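Note that the structure is a prediction, hence the values are computed from the model and not measured. What you see below is based on every heavy atom in this structure, not just the backbone, and it leaves out hydrogens, waters and symmetry mates.
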There are 2 protein chains.
Amino acid sequence: MSESANHSIYFVPGLQRGLRVLEILGAAAEPMSLSDIAREMELSRSSAFRLVYTLRYMGFIKEAEQKNTFTLGARVLNLGFAYLNQLPITSIARPHLAALRDKTGVSTHLSVLEGHDVLYLGSHQARTGFVSNMVTGTRVDAYASAIGWCLLSSLDEAELAAFCEGLAMPAKTEHTPTSVAELRARVDQVRADGHVFSRGFHEPGGSSVAVPVRDHTGKVVACVNISGPDSGFDFDRIDTFYVPETRACALRISRELGYGGPG
Amino acid sequence: MSESANHSIYFVPGLQRGLRVLEILGAAAEPMSLSDIAREMELSRSSAFRLVYTLRYMGFIKEAEQKNTFTLGARVLNLGFAYLNQLPITSIARPHLAALRDKTGVSTHLSVLEGHDVLYLGSHQARTGFVSNMVTGTRVDAYASAIGWCLLSSLDEAELAAFCEGLAMPAKTEHTPTSVAELRARVDQVRADGHVFSRGFHEPGGSSVAVPVRDHTGKVVACVNISGPDSGFDFDRIDTFYVPETRACALRISRELGYGGPG
DNA sequence: GGGATGCGTTTTGCATCTAAAACATCCGCA
DNA sequence: TGCGGATGTTTTAGATGCAAAACGCATCCC
């Protein structure tokens, strides 16, 4: 613990402590008293009193039903959702995708589900060799794409059924699922593995690793994938390098979106 | 402005200012520089520097792409989310709202009264078509909203008068009540009907059904509503389907809160 | 080129925020 | 009832956060 250690003379301890009060109250299952807070923070009651006084006055915490105990106030909600509203997932993802491209040497992409399509939001092209033709704004059918299976992987039975309702599923390659049951099997596989590695699904001689990105509710909101010609991959290191790196990249983006679950 | 005026000797100014920095960054459309923040807060740059230093170190704000400008960081999201999770009503209502969404095919929302605002606590979006822009954390003026009228419907004469005290009521649309008497008429109507059906009150081409949720004392504590574009509704079945389903959903939530009165 | 402006950062003396200690309540228990 | 301990609040000496001023560095503009 003790994230303090006030390294710098520029620190404002009152601010740091006040925010810790908010986080502690947020993590607590029940309303806390002044003394509870002071104990938890290893702080004098008088100091805790001043922090609580200020936070209560500002509406960031409020008295619970039981006298002299406190919970978070509605005003904290504004902060969290102001953050969400100004969240362009593309700008959050950009540096991570660039880093993944530099580390793996192959092209990286971010995509989301738009209706029944996978929509490419942005790419970072490999610096050498083959250049993917998947550019920003491209759409492909979700049911027929490994990325699509990733994007559908947080849907439950009913939601997946609704997605498939009235959906024509012509076979595009030998890998294309052509029924709801087959699609569900693919999606379940993603859920179990946490990623998809595909070789030659879309184009002969091309491979790809795709991993879901989740938001603060755990819902899949986007997909990170790397792709390139077989010549760009070292196939001995798929499981030891490409997959873990891509997963780590997706997790970093998920964390910035507030995802708190397991990797 | 100046919500300061540091009334009490117990105030922690550093905390108050730091939280204002977060709110200002949350309200800002673009990343702000240190000087922007100092100007906005009417504070010396050196003080702003110390606040920004502390907040950045803690992860509550982060540098934007452009050097020396800042936006909210992911850590603020945890606060808002913690607040939502602590409200028992949100977890009680969640499955019911999801079921109502599945049954009606349109988006469902839960909201409460916060001061003079309607505060949206959670939504379940329709699976297809139009997606509402009313998302969690959104606030709208209660007097000017059908949901607001629901939330005010258990207030008696005196409480409603107190609510209106000093309240400016500019007309937002032709449906907006602009006097206490008009607002009271709306609220009385909700009390008599037990629900509100509105068409085009907020946005042209959008419709909504709102129903109050009551706690064990019979007091209105929240509001369930369904909303969507006119194209998402079957207008022949408003009274025979949408209204009774929404009422049934609200009643189920009320029952779980201990409400024993009539539906 | 130069001087003017605006920026982020550092310094520093003074004002003020902090926290130990004292005080005032409250509660449980015998 | 009276004691013991825990709580919320106030006081106050002294540590320390604050902001004016200074600094160094960009950028701009005639």
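Taking the six-membered ring for Trp and the full ring otherwise, the centers of B/Y143 and B/H116 sit at least 6.0 Å from each other.
Looking at the side chain of A/P13, the nearest of the listed nucleotides C/dG8, D/dA20, D/dG17 is D/dG17. Side-chain atoms of A/R39 lie closest to D/dT7 of the nucleotides D/dT7, C/dT9, C/dC17.
Rounded to an integer number of Å, the gap from CZ of B/R45 to C1' of D/dA22 is 11 Å. A/I37 places its CD1 atom 19 Å from the P atom of D/dA6, with the value rounded to the nearest Å. Counting to the nearest Å, the P atom of C/dG8 and the CZ atom of B/R56 are 11 Å from each other. The distance from atom CD of A/Q16 to atom C1' of D/dT16 is 15 Å, rounded to the nearest whole Å. Here the P atom of nucleotide D/dA20 and the CD atom of B/E42 are 13 Å apart, to the nearest Å. Regarding A/L51, its CG atom lies at a distance of 13 Å from the P atom of D/dG17, rounded to whole Å. In this structure, the CG atom of B/N68 is 17 Å from the P atom of C/dG6, given to the nearest Å. The separation between A/K67 atom NZ and D/dT9 atom P is 11 Å, rounded to whole Å.
Counting non-hydrogen atoms under 4.0 angstrom, A/S47 reaches a base of the nucleic acid.
Every residue was checked against the salt bridge (charged side-chain N to carboxylate O under 4.0 Å, His left out) condition with B/E114, not counting sequence neighbours, and none meets it. Evaluation of the salt bridge (charged side-chain N to carboxylate O under 4.0 Å, His left out) rule for A/R39 yields A/D36 as partners, not counting sequence neighbours. With sequence neighbours excluded, no residue forms a salt bridge (charged side-chain N to carboxylate O under 4.0 Å, His left out) with B/R94. In terms of the ring-ring contact (aromatic ring centres under 6.0 Å, His included) criterion, B/Y259 has no residue partners (sequence neighbours excluded). For A/Y10, the ring-ring contact (aromatic ring centres under 6.0 Å, His included) criterion is met by B/F49, B/Y53, not counting sequence neighbours.
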Distances under 3.5 Å between protein N/O atoms and the N/O atoms of nucleotides 10-15 of chain C, please, pair by pair.
residue, atom, partner, partner atom, Å
C/dT10, OP2, A/Y10, OH, 3.2
C/dT10, O5', A/Y10, OH, 3.3

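No side-chain N or O of B/S33 forms a donor-acceptor pair with one of B/S35 less than 3.5 Å apart.
For the pair A/V12 and A/S33, both in contact range of DNA chain D, the more 5′-proximal nearest nucleotide belongs to A/S33.
Phosphate proximity of C/dA19 to A/R17: present, with a side-chain N or O under 4.0 Å from OP1 or OP2.
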